[in-house]
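Here the structure is laid out as structure tokens; the discussion comes afterwards.
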There are 2 protein chains.
Amino acid sequence: MSRPIRTRRQATLASLAAELGVSRTTVSNAYNRPDQLSPELRRRVLETARQLGYPGPDPVARSLRTRKAGAVGLLLTENLSYAFRDPVALGVLEGIALACEDSGTGLQLLPAGPGNEDVSTVHKAGVDGFIVYSVPDDDPHLSGVLQRPVPTVIIDQPLIDGVDRVGPDDAAAMTAMANHVVELGHRSIGILCMRLSQDRNDGPASMLRQHQAHYHTQRTRLDALATTFGNVGVEWSTVPVIERFDHTVADGATAAAELLDANPEVTALICTSDILALGALEEAHRRGLRVPADLTITGFDGIADAQRAGLTTVHQPVQDKGHAAGSLLLNPIRKTSTVPGSTQVITLDTELKIGTTSAQPRTTEQHWFGP
Amino acid sequence: MSRPIRTRRQATLASLAAELGVSRTTVSNAYNRPDQLSPELRRRVLETARQLGYPGPDPVARSLRTRKAGAVGLLLTENLSYAFRDPVALGVLEGIALACEDSGTGLQLLPAGPGNEDVSTVHKAGVDGFIVYSVPDDDPHLSGVLQRPVPTVIIDQPLIDGVDRVGPDDAAAMTAMANHVVELGHRSIGILCMRLSQDRNDGPASMLRQHQAHYHTQRTRLDALATTFGNVGVEWSTVPVIERFDHTVADGATAAAELLDANPEVTALICTSDILALGALEEAHRRGLRVPADLTITGFDGIADAQRAGLTTVHQPVQDKGHAAGSLLLNPIRKTSTVPGSTQVITLDTELKIGTTSAQPRTTEQHWFGP
DNA sequence: GTGAAAGCGCTAACAG
DNA sequence: CTGTTAGCGCTTTCAC
């Protein structure tokens with residue numbers, strides 16, 4: 001296989017037109033509106049183009065003119081290695097990619113990892129819209145995206161005026177989980193949660209920190225727990241909440257260890273993700289604790305490994321989430337943005353999956369009335 | 001959080017300049033060359049921009065002018081679901097993404113799945129270069145990419161004139177593996193291979209089909225096997241080669257079953273990927289065959305699961321492969337393409353990993369001389 | 001069916 | 001430090 005030498009100045013639509021002795025319009029039509037010129041002329045145009053090594057209309061120039069880039073940007077403030085390893089992120093990514101593929105749109109991963117304070121990449125991205133996922137709400141990249149005059153869809157984030165949103169009802173889902181644990185009779189619980197903010201904090205998360213959490217999903221899930229357990233008389237300030245910055249099974253294990261060391265009385269470990277719960281499971285086994293006889297452990301997300309482990313968890317359709325976000329952005333009833341308030345919101349169904357890791361507490365300390 | 005209403009016509013650099021009573025250059029400088037104007041003026045420009053809701057210079061217009069899009073395209077003729085599930089593809093993808101992140105470049109996934117005959121997406125992508133991975137050499141998208149006047153790096157593909165390449169020495173690697181199996185004494189072997197062409201063929205792959213394979217890596221690996229075994233007197237045309245279109249562990253299992261049913265005399269199963277080998281392993285266990293006592297099984301790639309299973313395989317650094325491709329494209333000694341022949345090639349090291357799935361054949365049929 | 005004119009929004013010399 | 005001048009390469013009315 002060989003290719004044209006490209007030493008000489010690239011041919012342009014104009015030069016091609018000159019060469020052929022026709023107007024630029026005609027050449028443009030040859031590519032974009034075949035029905036606007038005779039087949040014979042079109043053939044001639046394309047043939048000459050081939051000879052001159054003209055690769056067709058320049059995409060950027062065309063984009064400038066048509067105001068369409070043919071791609072959407074994905075903002076994901078995480079190490080890419082995370083995005084490509086975490087099952088939940090991967091599922092979302094896959095869903096988004098599928099939606100893009102459906103509509104023939106490119107999906108541009110924006111380089112906006114943590115520590116990359118340079119927002120310019122967001123400003124420089126020639127895209128028709130943005131999808132934002134797993135970004136803390138105080139992230140400068142996010143506000144950069146919101147400044148751009150293109151449609152944006154946010155996944156899992158709280159509602160922003162004028163920005164479409166896709167996500168599960170985290171509060172309801174976590175409330176269901178909390179109720180399940182409450183109904184089993186647990187009152188002495190511990191929480192394992194993911195990163196609450198950009199600043200690293202591997203250890204207990206204070207009430208203040210919980211409330212100020214910049215990761216919406218985590219904050220919401222913790223809130224739901226606090227409320228539900230508060231309703232049955234559990235004082236939230238006494239509930240240990242251990243946070244981990246990184247999100248691996250190993251981190252879940254160390255978090256569980258830390259929590260159980262300090263609070264051996266705990267009968268249930270509620271985790272805000274399956275990964276953490278899987279780690280907790282490992283740590284429990286390591287300590288010879290039987291699950292669920294000695295310790296109840298619950299997760300969140302419903303990833304494949306969790307299902308395999310029989311984890312009690314909340315399942316959310318991650319791929320659908322991504323796909324919905326992509327669809328919303330790509331083939332919306334793109335009302336001419338005349339109505340500023342008509343933001344679209346898609347709430348996904350979640351399902352409480354009761355597995356084999358939750359049961360009544362060891363010493364069933366039910367609150368009986370009377371002697 | 002609220003955002004500016006965008007009902008009114010978007011502000012442009014020109015309108016902002018007019019509003020301020022300065023030239024467009026000055027506004028442009030305020031964004032691109034802060035040192036070219038007084039801090040005070042710059043502050044005023046930016047402030048007014050904010051008030052007018054001017055989001056900064058339009059990326060597409062800028063790209064047209066500067067001839068830089070700030071993104072590279074990734075051509076991957078596969079279902080995205082494959083790319084996001086297969087460990088090898090994922091590793092490569094991660095490596096590429098890392099390289100892009102390093103240089104602040106966007107990574108645009110091109111929608112070019114199989115069945116998508118529309119090459120226009122490749123023509124329409126506003127990118128500064130392409131990375132091509134896992135694409136059959138007769139794919140129209142590939143030729144579309146090669147027409148574009150931008151640098152391109154191909155992963156795992158054969159050398160194309162003027163196109164940089166990154167990949168392992170598949171032939172050498174597979175030859176090493178073949179020698180290992182030969183040295184153990186195996187002469188009655190069977191092969192499991194991945195898709196050889198776009199047209200589905202789940203079953204035996206004829207010699208012709210093997211030679212005409214459009215997937216370079218597969219063809220190369222088979223060639224290496226044919227040559228090495230040919231050298232020790234094994235007539236390749238008698239060696240069963242079973243092909244699978246899809247690439248899952250389950251497919252590996254059915255392929256192994258198909259092969260073993262038809263050729264029970266086989267003492268070694270050489271697979272062109274770990275995934276297939278893992279499936280073969282499953283099938284062997286299902287049949288009560290002991291590995292490696294009754295059957296030797298080998299893989300290729302060195303994925304984590306293979307390592308875990310103790311598979312004898314060839315390890316290739318997939319993430320490095322992706323990273324090398326990205327680096328090559330992004331920060332090359334971008335010689336001004338004056339020298340047409342100076343194509344860069346990076347060959348990655350592979351390592352034969354002898355695990356616990358290869359051993360001498362059951363009935364050690366060594367060829368002794370004399371009675 | 002074909003062409004002429006008018007920009008899309010921006011940046012890069014180069015002069016002042 | 002600031003402005004003037006020229007486009008980058010293309011599409012798109014709107015006449016012919």
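In this text, all values refer to a predicted model and were calculated from it rather than measured experimentally. Naming convention: chains lettered A, B, ... in sequence-line order (proteins, then strands); numbering from 1 in each chain.
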Run the side chain to side chain contact (heavy atoms under 4.5 Å, CB included) test against B:Ala18 and tell me which residues pass, sequence neighbours left out.
none
Could I get the full list of ring-ring contact (aromatic ring centres under 6.0 Å, His included) partners for B:Tyr82, not counting sequence neighbours?
none
Suppose we screen for ring-ring contact (aromatic ring centres under 6.0 Å, His included). Which residues come up paired with A:Tyr133, at least two apart in sequence or across chains?
none
Do B:Asp139 and B:His214 have side-chain N/O donor and acceptor atoms under 3.5 Å apart?
no
With sequence neighbours left out, what residues match B:Asp35 under side chain to side chain contact (heavy atoms under 4.5 Å, CB included)?
B:Arg33
Strictly below 4.0 Å: does B:Thr26 bring a side-chain N or O up to OP1 or OP2 of D:dG3?
yes
Do any of residues 119-128 of chain A sit with a heavy atom less than 4.0 Å from DNA chain C, and if so which?
none
B:Arg44 meets the salt bridge (charged side-chain N to carboxylate O under 4.0 Å, His left out) criterion, sequence neighbours left out, with none
Contact letters for nucleotides 10-16 of chain C, in which S counts primed atoms plus P, OP1 and OP2 and B counts the base, heavy atoms under 4.0 Å
BBBB---
Just grab all the salt bridge (charged side-chain N to carboxylate O under 4.0 Å, His left out) pairs involving residues 125-135 of chain B, residues at least two apart or on different chains.
B:Lys68-B:Asp128
Using C1' atoms of five pairs at each end, report the bend of the helix from C:dG1-D:dC16 to C:dG16-D:dC1 rounded to 10 degrees.
20°
How would you list, by chain and number, every residue that makes a side chain to side chain contact (heavy atoms under 4.5 Å, CB included) with A:Ala30, sequence neighbours excluded?
A:Leu37, A:Arg42, A:Val45, A:Leu46
Under 4.0 Å, heavy atoms only, any strand: does B:Val22 hit a base, just the sugar-phosphate, or nothing?
sugar-phosphate
Excluding sequence neighbours, so at least two apart, what forms ring-ring contact (aromatic ring centres under 6.0 Å, His included) with B:Phe130?
none
Looking for any heavy atom pair under 4.0 Å, which part of the strands does A:Leu37 touch: base, sugar-phosphate only, or nothing?
sugar-phosphate
With sequence neighbours excluded, tell me which residues meet ring-ring contact (aromatic ring centres under 6.0 Å, His included) with A:Tyr215.
none
